[in-house]
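Data block below; observations after.
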2 protein chains.
Amino acid sequence: MTGSKSLPHQTAPKQTIQRQTGVALWRQIADRIRVAISDGIYDATGMVPPEAVLAAEFEVNRHTVRSALAALAQEGIVRAVQGRGTLIERRDRITFPISKRTRFTPGIGDQARILEGLLLESAHEPATLELAAHLKLKPGEKVIRMEGLRKADGQPVSRSTSWFPAKRFTGIDDAYRATGSVTAAFAACGLADYLRIKTEVSAVHADPSDRQELGLSPGAIVLVTKALNADPDGVPVQYAVTRFPADRVQFTIEN
Amino acid sequence: MTGSKSLPHQTAPKQTIQRQTGVALWRQIADRIRVAISDGIYDATGMVPPEAVLAAEFEVNRHTVRSALAALAQEGIVRAVQGRGTLIERRDRITFPISKRTRFTPGIGDQARILEGLLLESAHEPATLELAAHLKLKPGEKVIRMEGLRKADGQPVSRSTSWFPAKRFTGIDDAYRATGSVTAAFAACGLADYLRIKTEVSAVHADPSDRQELGLSPGAIVLVTKALNADPDGVPVQYAVTRFPADRVQFTIEN
DNA sequence: GGAAATTTGTACGTATGTATC
DNA sequence: GGATACATACGTACAAATTTC
């Protein structure tokens with residue numbers, strides 16, 4: 001960031017991309033445009049700049065830009081209309097608040113119209129060593145594992161694997177299936193309140209199951225949280241690993 | 001996540017990757033191995049499995065695995081030795097705590113031996129509309145912008161752009177240059193304590209300047225935080241946008 | 001110490017994908 | 001759309017270094 005920010009050129013600002021790096025130019029360009037749309041750069045017109053302009057900005061052939069836009073169209077982010085241009089179909093990046101009282105439904109608030117919580121699968125299993133340490137159980141004690149998918153306005157926004165102590169929360173999977181809410185499911189098991197003790201955040205490339213379950217394209221990024229919830233007495237009640245599509249989700253930590 | 005987790009095969013577990021997606025197979029494989037190393041999957045041997053085994057796991061030609069390992073060797077993560085195998089050189093993922101009292105140096109604690117904070121550049125500028133809103137200044141009021149780079153054990157771990165109200169914190173850039181610590185620089189300007197008000201976290205692909213400044217390979221991920229610090233009375237004192245290499249850094253939020 | 005097995009390094013040929021003009 | 005250049009990926013074969021027995 002020493003130079004490169006005050007070149008008095010009259011042409012469009014060149015956007016650097018790298019060649020021969022294992023990532024095709026069209027995919028690098030698609031990723032950049034996706035972020036630009038998320039950041040609202042093109043909100044004034046509701047459209048992506050013309051292919052020729054983008055080609056000049058990235059210093060590539062127009063065909064390469066077309067490949068990038070085709071990929072974004074495939075994701076449903078833009079729609080090309082002959083003679084008019086490339087229209088932006090959606091630019092939603094949902095903000096998840098993380099705090100002592102992290103909750104999904106009220107956290108999203110009015111950022112989406114329709115919220116869904118789906119239980120994909122649940123099972124009773126013995127706790128692994130690592131999981132037992134998190135939940136303060138004896139290794140091998142039974143836990144309930146729940147695989148969940150959350151959607152906002154029909155778009156997948158998170159894919160989670162949660163574990164609960166089986167003895168204390170018998171039937172929590174059925175309660176979650178019925179309500180689509182962890183808070184409601186806890187309440188059904190007699191736990192009125194719970195607190196977020198700890199959250200770890202990292203980011204990795206989407207693996208094939210992420211791509212399938214969250215509807216992502218290859219090379220996409222997923223934000224990963226590993227979270228521990230406890231009852232008001234500090235006894236662990238839930239450990240969860242959740243994967244969020246980074247192009248649609250960000251976090252905010254309010255202290 | 002429905003099946004695929006309890007196949008009693010005697011062969012290595014197949015790892016799915018996708019073809020013809022704009023991301024080269026060798027890069028997908030390199031990214032997966034990098035994460036596996038970070039997660040300590042190969043700690044038992046201190047080595048990556050033989051090329052032939054990886055080739056079978058990913059169902060690719062051995063040459064493709066070799067390209068992936070060559071990229072990781074280039075990053076200094078592994079080192080291949082003829083006849084022995086491919087040794088893991090480093091598997092460092094630093095955890096940054098985010099809390100009301102987020103500080104860099106004590107936060108890293110004993111996770112690294114050598115910590116450096118470099119001031120790349122500083123300047124006095126009028127505040128933009130957005131920045132003025134964050135810092136509760138009038139648009140156009142002067143701010144001090146500081147471009148910083150932090151290293152742990154010689155490896156870049158963060159690249160930040162910070163803004164401070166210029167009137168209140170005259171000379172903070174010199175104080176930071178001298179001490180390499182924001183806390184110390186604040187203290188030099190008469191501010192003994194400050195609190196983290198808000199942190200936004202997102203993740204994007206590394207752009208060319210990230211790659212250069214953080215020493216990343218193309219397709220790599222950067223975690224982006226946008227943070228606001230305030231004095232004990234709640235008056236904003238610093239707004240900062242920081243970019244972290246996601247393969248070396250994760251966050252933990254303790255409530 | 002020596003032979004066999006294991007593992008990485010090198011070479012050549014072929015087919016397909018990517019990007020330019 | 002067609003021609004060209006280069007990157008990617010596969011297949012095979014063998015050389016070189018190290019470990020194992």
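Proteins come first, then strands; the chains are lettered A, B, ... in the order of their sequence lines, and each starts at number 1.
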- Task: Check the distance between C:dA19's C1' and A:Ile29's CD1 and give it to me in whole angstrom.
- Result: 10 Å
- Task: Grab the CZ-C1' distance between B:Phe58 and D:dA9 for me, whole Å please.
- Result: 16 Å
- Would you mind reading off the distance between B:His63 atom NE2 and D:dT12 atom P, rounded to a whole angstrom? 11 Å
- Please state how far atom CZ in B:Arg66 lies from atom C1' in C:dA11, giving the value in whole angstrom units. 12 Å
- Query: Within this structure, what is the CH2-to-C1' distance between A:Trp26 and D:dT8, rounded to whole angstrom?
  - Reply: 14 Å
- Task: Identify whether any heavy atom of B:Ser67 sits under 4.0 Å from a base atom; if not, whether one sits that close to sugar-phosphate; answer base, sugar-phosphate or nothing.
- Result: nothing
- Could you identify which residues of residues 72-85 of chain B place a heavy atom less than 4.0 Å from some atom of DNA chain C, listed by residue number, or say none? B:Ala80, B:Val81, B:Gln82, B:Gly83, B:Arg84, B:Gly85
- Query: Over how many whole Å does the gap from B:Glu59 atom CD to D:dC10 atom P extend?
  - Reply: 11 Å
- Spacing between A:Asn61 atom CG and D:dT4 atom C1', to the nearest angstrom: 13 Å
- Query: Roughly how far apart are A:Lys198 NZ and A:Tyr239 OH, rounded to 0.5 Å?
  - Reply: 7.5 Å
- Task: Check the side chains of A:Gln250 and A:Thr95 for a donor-acceptor pair under 3.5 angstrom, ignoring hydrogens and angles.
- Result: yes
- Message: Going by side-chain contact (heavy atoms from CB on, under 4.5 Å), B:Val224 matches just one of B:Val201, B:Asp210, B:Val241, B:Thr242. Which one?
- Response: B:Val241
- Using a strict 4.0 Å threshold on nitrogen-to-oxygen distance, state whether B:Glu75 and B:Arg34 make a salt bridge. yes
- Task: Please identify each residue that fulfils salt bridge (Lys or Arg N to Asp or Glu O under 4.0 Å) with B:Glu89, with sequence neighbours left out.
- Result: B:Arg79
- Supply the atom-to-atom distance A:Met47 CE to A:Thr86 OG1, rounded to the nearest 0.5 angstrom. 6.5 Å
- Rounded to whole angstroms, how far apart are CG on B:Leu25 and C1' on D:dC10? 11 Å
